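Reviewing the structure listed below.
Here is how names work: the chains are called A, B, and so on, in the same order as the sequence lines, proteins then strands, and each is numbered from 1. Nothing here was measured: the structure is a model prediction, and the numbers come from that model.
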There are 2 protein chains.
Amino acid sequence: MYTIGQVSEMFGLPISTLRYYDKQGLFPEMKRVSGIRKFSETELEALRVIECLKKSGLEIKDIKQFMDWCVEGASTYPQRKALFERQRETLETEIAHMNQTLDMLKFKCWYYEQASKDGHEDNLRAMIPDNLPENVSQWYENAHR
Amino acid sequence: MYTIGQVSEMFGLPISTLRYYDKQGLFPEMKRVSGIRKFSETELEALRVIECLKKSGLEIKDIKQFMDWCVEGASTYPQRKALFERQRETLETEIAHMNQTLDMLKFKCWYYEQASKDGHEDNLRAMIPDNLPENVSQWYENAHR
DNA sequence: ATAATAGCTGAACCTGACTTCAGGTCAATA
DNA sequence: TATTGACCTGAAGTCAGGTTCAGCTATTAT
């Protein structure tokens, strides 16, 4: 059993955020001792799931829905499974976009490295889009796909 | 040369968003004909960069800074290069976190698949964390690292 | 006994990124 | 000529996800 301060330390989250999550109903099972929140392993795992679902793009109110399903019991396994499968797809798509974005950043790093060396962008403008070096061309095309 | 409506179509962005970006100074070179915005290739490339920098976690005001550097000319190549290198690192870290999150989602998909089959979580609770199947164990450990 | 420390509350406030609104311009078609 | 459609403006509104505030309580240290 942990206090809110300990959990704040463990997860690197402000205490105010933990209280906010609680108020939004993300810890439906949490116990209190004379008014003071007691975080158990259940709540720590909830927090891990919260961070995971948040990163996959879910809003707080939908995370609350998930927590409510957990309380409701075995009858909601299908919904919970479907949720994670949706979020898995979402995140896979998101990661693909991120990698495309990363290629754009790599291209721009190369671009400004050249520009810095040359002191101008004239050579570069002549190379785009058909006379770029092999790897750079890959980044460029992927980013502009 | 494109109108705001055409650009909105091309990029799938609301017109209001394009006007907002303009007001924030993200198209410092944009021309107008009797008050009406004319988007040229410069602005289209600016938009690509905006989407890219936004995805890498930059705020609008920092993107404006970059656009201002572009107007300032060759003397700001080093700043621009440094910016893209920072954002590249940021995004690489971000993608690594995303992949960890993805492993958590994969684990949860497996978990609720089992739970659905079994009708309860008793078996699962007995398996965690040391008696999980090989691949599942990888997801679990990576997610809880 | 008292004071510092960590916890509690509801309500108000904040921030970034848009979006909506009310009212106006302008060019082309009916 | 009048109406339609696409553009324009500044100002106000919205929304999610917190954060801050003022005032209160409970436990531990001196």
[X] has an atom [atom1]; how far is it from atom [atom2] of [N], in whole Å?
X	N	atom1	atom2	answer
A/Ile60	D/dG18	CD1	P	5 Å
A/Ile36	C/dC8	CD1	P	6 Å
B/Phe27	D/dC8	CZ	P	12 Å
A/Asp22	C/dT9	CG	C1'	12 Å
B/Leu53	C/dA17	CG	P	12 Å
A/Tyr2	C/dG7	OH	C1'	19 Å
B/Met1	D/dC7	CE	P	16 Å
A/Phe39	C/dA6	CZ	P	16 Å

[X] side chain: which of [options] is closest?
X	options	value
B/Ser16	C/dG7, D/dC8, C/dT19	C/dT19
B/Tyr21	C/dC18, C/dA11, D/dC7	C/dC18
A/Ser34	C/dG10, C/dC18, D/dT27	D/dT27
A/Lys54	C/dT9, D/dG18, C/dC18	D/dG18
B/Tyr20	C/dC8, C/dT19, D/dT19	C/dT19
B/Arg37	C/dG7, D/dT27, D/dT9	D/dT9
B/Lys61	C/dC18, C/dG16, C/dG10	C/dG16
B/Ile4	D/dG17, D/dC7, C/dG10	D/dC7

Does the side chain of B/Thr3 get closer than 4.0 angstrom to OP1 or OP2 of D/dA6 through an N or O atom?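 Negative; the distance criterion is not met.
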Between A/Arg32 and D/dT25, does any side-chain N or O lie under 4.0 Å from OP1 or OP2?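 No, because none of the side-chain N or O atoms of A/Arg32 sits under 4.0 Å from OP1 or OP2 of D/dT25.
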Taking the six-membered ring for Trp, is the centroid-to-centroid distance between A/Phe84 and B/Phe107 below 6.0 Å?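 Ring centres of B/Phe107 and A/Phe84 not closer than 6.0 Å.
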For B/Gly5 and for B/Lys23, find the nucleotide of DNA chain D with the closest heavy atom, then tell me which residue's nucleotide is more 5'.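 Mapping each residue to its closest nucleotide by heavy atoms, the 5'-most match is B/Gly5.
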Closest non-hydrogen atom pair between B/Met127 and B/Pro133, with its separation: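 Between these two residues, the closest heavy atoms are CE-CD, 3.7 Å.
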Is it the case that B/Glu94 and B/Thr90 place a side-chain donor and acceptor less than 3.5 Å from each other?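 B/Thr90 and B/Glu94 do not have a side-chain donor-acceptor pair below 3.5 Å.
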Which part of the nucleic acid does [X] contact within heavy-atom distance under 4.0 Å: base, sugar-phosphate only, or nothing?
X	answer
A/Lys38	nothing
B/Thr17	sugar-phosphate
B/Arg19	base
A/Gln24	nothing

Just checking B/Gln79: does its CD atom have more than 12 heavy atoms from other residues, nucleotides or ligands closer to it than 6.0 angstrom?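 Correct, the count exceeds 12.
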Has A/Tyr2 got more than 12 heavy atoms of other residues, nucleotides or ligands less than 6.0 Å from its OH?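 Incorrect, the count does not exceed 12.
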Sidechain-backbone polar pair: A/Gln6 side chain, A/Thr3 backbone, donor-acceptor under 3.5 Å: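 At least one qualifying donor-acceptor pair exists.
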